[in-house]
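Notes to accompany the following structure.
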Amino acid sequence: MALVVQKFGGTSVADAQKIVAAARKAVARHKGGDKVVVVVSAMGHQTDVLVDLAKQITERPSAREMDMLLSTGEQVSVALFAMAIQSLGEEAVSLTGAQIGIRTDSTHTKARIKSISTDHIMKLLDDGRIVIAAGFQGIDQHGNITTLGRGGSDTTAVALAAVLRADVCEIYTDVEGVYTTDPRILPAARRLPSISYDEMLELASLGAGVMHPRSIEFAKKFGVPVLVRSSFKDVPGTLIVAADRATSRPVSGVALAKDEARITLEGVPDQPGSNHKLFSPLASSGIAVDMIVQNLAQQGLADISFTVPADDLAQALDVTRAVAKKLGATGVSHDDSMAKVSVVGVGMAREEGVAGKMFLALSREGINVRMITTSEIKISVLIDRADAAKAVKAAHAAFELEQPEVDTAESSGTAAPPTKSSPLDVVRRLEGMEDLAVEDCQLDSSQALVTFTDLPDTPGVAADVFEEIGRHKLFVDMIVQSHPRGGRAELSFTVPAVDRDRAIEVAGRIAKARGATVANVPNVAKLSITGVGIRSHAGVADRLFAPLGEAGVNVDLVSTSEVRLNVVVAAEQGKQSLEVLRKAFGL
Ligand code: ASP
Ligand code: MG
């Protein structure tokens with residue numbers, strides 16, 4: 001007998017007929033002998049309707065009353081869902097978030113789950129009932145109703161599956177699963193039979209849309225297998241599991257964040273601590289900074305570029321301009337018509353030439369790459385928004401993502417094989433289930449940093465460089481390209497320190513052919529902080545800039561992903577930086 005959590009999204013319960021159809025799925029499962037918990041969203045676009053209604057009363061509804069209002073959507077659907085099950089002859093009981101005991105913090109409209117009590121639900125399940133739980137809502141310590149943020153029912157479902165130690169969490173939705181890229185942008189997109197938590201985390205937060213990113217954080221932290229599948233078609237869906245159980249390929253998907261803006265703080269005096277002075281006020285304003293790139297200081301002045309969602313540009317510019325004055329920077333520039341295209345895959349860490357292939361595909365389309373950052377499982381490029389669709393298509397084709405692969409979800413049956421993997425150790429130390437979970441900080445002192453300055457800012461340059469690097473079998477780890485200024489770009493990457501001499505030689509030749517310069521090639525140390533929630537918790541990057549700045553450590557490169565934060569510092573400062581960071585993150 002298995003325990004199953006089934007979640008039905010708004011489109012799956014949009015009307016009475018659909019509710020009954022969904023209820024049949026739960027009943028069938030229950031008749032098969034499983035314990036069933038159902039999580040439902042509000043019917044159809046009900047949440048939008050309620051938001052709109054509030055706006056008709058006031059432009060600035062209070063967050064507490066918003067939660068009171070929005071939570072009614074789910075209260076309607078759980079009651080109807082329970083009635084539907086009862087009409088099919090089974091016993092069901094609906095529960096609100098408060099009745100279940102989903103305790104959250106008090107951040108109305110985007111509350112985080114702190115704990116969930118299981119006793120009540122377990123008893124109902126043991127009594128043979130199907131439990132219908134309202135998604136998206138909880139209750140804070142003062143008894144106020146809270147909501148988890150738009151799309152939050154996924155998070156309720158996976159969190160419930162986690163605490164109930166469910167065998168699988170099935171997400172029923174209006175698409176057939178997780179795709180290699182958004183099928184609305186690229187019809188050639190293909191459903192993936194399986195994908196790893198880390199890849200899904202990246203894709204979800206990079207705009208893949210299928211699932212609420214925080215739900216995947218729960219799935220990873222607690223090892224919950226998640227199956228995303230269609231409510232309306234009986235097809236296998238996509239299984240989200242730990243990396244070793246997902247099919248491995250260099251690239252699993254291409255994600256597009258269409259509405260990005262770039263800001264550059266120009267000519268900042270190059271001292272430890274300037275990153276902190278910039279990113280700390282941005283974090284306290286609640287602005288999620290995404291790509292961060294700092295170029296090499298010239299005559300003691302460096303540029304710091306970063307991206308933010310276009311909606312946050314005005315506010316981010318205000319903050320940046322104020323910081324520019326304080327730091328004595330020479331100026332602030334920005335561009336609000338950018339898009340970020342990322343390729344994601346756990347397999348790319350093992351395979352050479354993935355970045356080169358991506359850059360080549362873009363260059364063949366004449367797309368100019370403005371900024372680049374990479375992590376172990378992701379390569380992101382910032383390009384003009386007008387090129388976005390073309391870029392997605394080119395990257396998708398370059399990695400042959402339209403080619404079908406063996407459908408492991410199909411061959412293993414529709415349900416995930418039960419594996420109750422143990423939760424991360426670190427989770428036990430957390431106060432709230434959704435707190436940032438930093439697992440470890442590691443030091444790798446075996447790299448060297450190659451930097452080209454004065455590369456021409458034209459399409460194809462990055463592709464050329466990495467083609468040549470690849471030909472010489474140099475293994476490249478991190479890649480960063482800063483925002484070009486005055487028609488010249490700066491490109492940095494790390495290679496194994498043992499290959500330093502060869503890298504200098506190859507880089508010298510590349511530079512010469514393009515009128516660029518290779519800066520001196522220092523040995524560097526890379527520090528990696530790993531965990532869950534690194535990007536969804538605002539200001540994590542800043543928690544690292546502050547103590548490093550105080551310790552007088554200059555950060556050469558940074559890259560962030562959902563599960564990792566990398567910084568590169570001078571090799572001599574590696575050990576000291578490790579100490580500083582371990583302390584900062586309580587490790
Ligand atoms: N009903 C909420 C929303 O529309 C939660 C959800 O659907 O997941 O955002
Ligand atoms: Mg949804």
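Atoms within a ligand are numbered from 1 in the order they appear, just like the ligands themselves. Just so it is clear, the values below take in all heavy atoms, side chains as well, and ignore hydrogens, waters and symmetry mates. All of these numbers come straight from a predicted model, not from anything done at the bench.
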Exercise for review: Considering the heavy atoms of Thr47, write down every atom of ligand 1 situated less than 4.0 Å from one of them.
Suggested key: 1 (N), 2 (C), 3 (C), 4 (O)
**Study point:** Side-chain H-bond candidate by donor/acceptor type, His396 with Thr180, under 3.5 Å
**Key:** yes
Check your understanding: Would you say the side-chain atoms of Asp312 pair up with the backbone N or O of Pro309, donor to acceptor, closer than 3.5 Å?
Key -> no
Review point. Is Asp154 in polar range of ligand 1, meaning some N or O pair under 3.5 Å apart?
Key: no
Check your understanding: Does Gly9 come within less than 4.0 angstrom of ligand 1, counting non-hydrogen atoms of the residue?
Key -> no
Check your understanding: For ligand 1, which atoms have a heavy atom of Gly151 less than 4.0 angstrom away?
Key -> 3 (C), 5 (C), 6 (C), 8 (O), 9 (O)
Review point. So, the side chain of Asp140 versus the backbone of Asn144: is there a donor-acceptor pair under 3.5 Å, distance only?
Key: yes
Point to revise | Which of the ligand 1 atoms, numbered from 1, are nearer than 4.0 Å to a heavy atom of Arg150 | key: 3 (C), 4 (O), 9 (O)
Check your understanding: Backbone or side chain, does any N or O of Gly149 fall under 3.5 Å from an N or O of ligand 1?
Key -> no
Review point. Under 3.5 Å, is there a donor-acceptor pair linking the side chains of Ser561 and Glu376?
Key: no
Review point. If we ignore angles and hydrogens, is there a donor and acceptor under 3.5 Å between the side chains of Thr146 and Asp67?
Key: no
Exercise for review: Between Glu74 and ligand 1, find which residue part has any heavy-atom pair under 4.0 Å and reply side chain, backbone, both or neither.
Suggested key: side chain
Review point. Heavy-atom contact under 4.0 Å between Gly73 and ligand 1?
Key: no
Review point. Side chains of Asp119 and Ser117: is there a donor and an acceptor less than 3.5 Å apart?
Key: no
Review point. Is any side-chain heavy atom of Asp311 closer than 4.5 Å to a side-chain heavy atom of Asp259?
Key: no
Review point. Can you check whether Lys7 has an N/O within less than 3.5 Å of an N/O in ligand 1?
Key: no
